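Below is one structure, written out as structure tokens; the observations come after it.
Keep in mind the model is a prediction, meaning the values are calculated, not measured. Counting convention: from 1, in listed order, for ligands and their atoms alike. The figures that follow rest on heavy atoms only: side chains count, while hydrogens, waters and symmetry mates do not.
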Amino acid sequence: MKPIKVGLLGIGTVGSGTFNVLKRNQLEITRRAGRSIEIAMVADLNVERARELTNGECEVVNDANLVVTNPDIDIVIELIGGYGIAKDLVMKAIANGKHVVTANKALLATHGNEIFKAAEEKGVMVAFEAAVAGGIPIIKALREGLTANRIQWIAGIINGTTNFILSEMRDKGLDFATVLKQAQELGYAEADPTFDIEGVDAAHKATIMASIAYGIPMQFDKAHVEGITKLQASDIRYAEELGYRIKLLGISKRTEDGIELRVHPTLIPEKRLIANVEGAMNAVLVHGDAVGATLYYGKGAGSEPTASAVIADLVDITRLATADPEHRVPYLAFQSNSLSDLPVLPMAEIVTSYYLRMHVADKPGVLADVTRILADLTISIDAMLQKEPAEGETQTDIIILTHQTKEKNIVAAIEKIEKLDSVFGEVTKLRLEELS
Ligand code: NDP
Ligand code: HSE
């Protein structure tokens with residue numbers, strides 16, 4: 001059988017990894033795919049560097065339009081990133097009857113509904129294993145491996161950069177800016193690293209997973225997004241004293257009223273496996289009604305780990321390219337005419353446990369005032385930590401862990417607590433998940 005021809009858009013971190021792994025493991029991959037997969041054309045703005053990387057083994061152009069309109073190309077791999085030019089190129093590739101592989105979670109979380117509709121109309125595949133959790137085959141697991149299940153919740157460390165930052169700060173005492181720079185040098189960070197540190201990248205990935213898990217359209221605009229930039233070293237320390245680690249988690253949950261979809265720093269009991277995932281590693285916990293909890297762990301970013309997922313998609317498409325489109329696994333696991341209209345819940349309605357830290361006057365009655373406010377709002381306390389004031393100080397920190405309650409109750413309680421004369425400044429609120 002003649003080789004399937006691939007056009008690669010963008011030969012940066014992931015693109016070069018894809019080129020190299022495909023070449024290195026060509027024989028194995030061909031044995032699996034049933035025919036050889038050949039990168040016939042590469043487009044990159046830096047043609048010189050692209051020629052060096054590809055060693056004269058394929059055509060190199062600087063205009064990606066030449067790839068997506070080339071009738072000889074069967075599959076286009078989009079590894080440029082962003083949702084400007086990348087979206088135009090993906091839509092053009094689909095319009096020209098090409099199958100598409102992309103690692104671009106930003107593009108799919110924001111324009112996925114439109115892209116999948118166009119692809120379905122054209123009868124082409126759009127594959128995106130690399131878009132979530134780098135090298136971990138989590139899309140395959142959610143879309144196919146867990147297909148018997150009614151998925152109840154997903155919680156994942158799905159941004160390597162922020163997990164790397166939190167781990168290095170904790171273990172080596174390095175400062176935020178130094179570790180972020182390291183993450184950029186190691187190729188983990190997005191072109192705009194605020195997407196990583198402000199939780200946007202994790203929210204893109206959580207949006208994609210929620211869509212596949214619950215059969216809902218992509219709704220990134222409804223996700224709650226909170227990063228790690230406001231996290232205080234003292235909270236990481238206090239959490240540890242209470243037996244918890246803080247991780248940036250992407251969480252989605254099915255409830256009777258709708259879907260929770262949120263990204264934020266989260267306290268997790270330190271005895272959970274996922275609490276011990278360090279560095280740029282990712283881990284995703286998926287809870288299905290039949291299987292129970294399953295955990296997927298591996299490298300969530302970087303050149304070759306991500307290439308591993310891109311090439312898995314290439315092999316899938318190669319095997320299925322001649323199959324009737326109706327016999328393929330639906331893009332988002334559920335048939336496109338069977339998507340659910342379950343709403344994504346506003347944050348006020350989500351239910352979880354909380355960590356509250358407040359700076360208070362060290363005098364009798366303060367704790368009683370705080371606990372009364374919580375009790376009035378039916379918030380029950382799970383644990384408490386009161387620090388001794390430093391020598392000569394008259395103020396101290398109180399940390400309270402609550403049992404589960406609605407976010408709107410906690411917000412109301414904090415508003416009242418902050419008005420107490422004996423409480424100084426803002427109350428810090430972090431969410432806590434038992435993940436049991
Ligand atoms: P890079 O910035 O390393 O690579 C992007 C490449 O695209 C660069 O070589 C860039 O050229 C080239 N490029 C930019 N604009 C164009 C254009 N108009 N036409 C052709 N080429 C262009 O990004 P990554 O490889 O890190 O990321 C690629 C995608 O993979 C992104 O969507 C990212 O979110 C995703 N991803 C990345 C992971 C990672 O670990 N890095 C992991 C999982 C997903 P130049 O440098 O000259 O601008
Ligand atoms: N910037 C992303 C991360 C790349 O750090 O996880 C992988 O998607």
Quick one: does any side-chain atom of Gln184 pair with a main-chain N or O of Gly187 as donor and acceptor, under 3.5 Å?
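Side chain of Gln184 to backbone of Gly187, a donor-acceptor pair under 3.5 Å: no, none is there.
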
Which one of Lys299, Glu190, Gln184 has a non-hydrogen atom at the shortest distance from atom 2 (C) of ligand 2?
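Nearest option to atom 2 (C) of ligand 2, by heavy atoms: Glu190.
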
By number and element, which atoms of ligand 2 are closer than 4.0 Å to a non-hydrogen atom of Asp196?
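What qualifies from ligand 2 is 1 (N), 2 (C), 3 (C), 5 (O).
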
Atoms in ligand 2 with a heavy atom of Ala301 nearer than 4.0 Å
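Taking each heavy atom of Ala301 in turn, ligand 2 has 4 (C), 7 (C) under 4.0 Å.
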
I need the atoms of ligand 1 closer than 4.0 Å to a non-hydrogen atom of Gly81, numbered in the order shown.
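Counting from 1, the qualifying ligand atoms are 31 (C), 32 (O).
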
[atom] [closest protein heavy-atom partner, distance rounded to 0.1 Å]:
| atom | answer |
| --- | --- |
| atom 28 (C) of ligand 1 | Leu79 O, 3.4 Å |
| atom 46 (O) of ligand 1 | Arg49 NH2, 3.5 Å |
| atom 6 (O) of ligand 2 | Gly160 N, 2.7 Å |
| atom 7 (C) of ligand 2 | Gly300 O, 3.2 Å |
| atom 40 (O) of ligand 1 | Gly302 N, 2.7 Å |
| atom 11 (O) of ligand 1 | Asp44 OD1, 3.0 Å |
| atom 5 (O) of ligand 2 | Thr161 OG1, 2.6 Å |
| atom 8 (O) of ligand 2 | Lys105 NZ, 2.5 Å |
| atom 14 (C) of ligand 1 | Ile80 CG2, 3.6 Å |

Ligand 1-proximal atoms of [X], by part, heavy-atom distance under 4.0 Å:
| X | result |
| --- | --- |
| Thr13 | both |
| Ala130 | backbone |
| Ile11 | backbone |

Would you check whether Ala189 reaches within less than 4.0 Å of ligand 2, judged by its heavy atoms?
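Yes, Ala189 has heavy atoms under 4.0 Å from ligand 2.
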
Regarding Thr352 and Tyr354, is there a side-chain donor-to-acceptor distance under 3.5 Å anywhere?
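Side chains of Thr352 and Tyr354: no pair found under 3.5 Å.
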
If only side-chain N and O atoms count, and only distance matters, is there a donor-acceptor pair under 3.5 Å linking Tyr244 with Glu434?
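Judged by distance alone, the side chains do pair up.
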
Is the contact between Thr306 and ligand 2 made by the side chain, the backbone, both, or neither, using heavy atoms and a 4.0 Å cut-off?
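For Thr306, there is no contact with ligand 2 at all, from either part.
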
With a cutoff of 4.0 Å, is Leu9 in contact with ligand 1, counting heavy atoms of the residue only?
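Judged by the 4.0 Å heavy-atom criterion, Leu9 does not count as contacting ligand 1.
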
Taking atom CD of Glu326 as the centre, report whether more than 12 heavy atoms of other residues, nucleotides or ligands fall under 6.0 Å from it.
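Atom CD in Glu326 is not crowded, with 12 or fewer foreign heavy atoms closer than 6.0 Å.
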
Pairwise distance CG(Leu107) to NZ(Lys87) - rounded to 0.5 angstrom
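If I round to the nearest 0.5 Å, the distance is 8.0 Å.
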
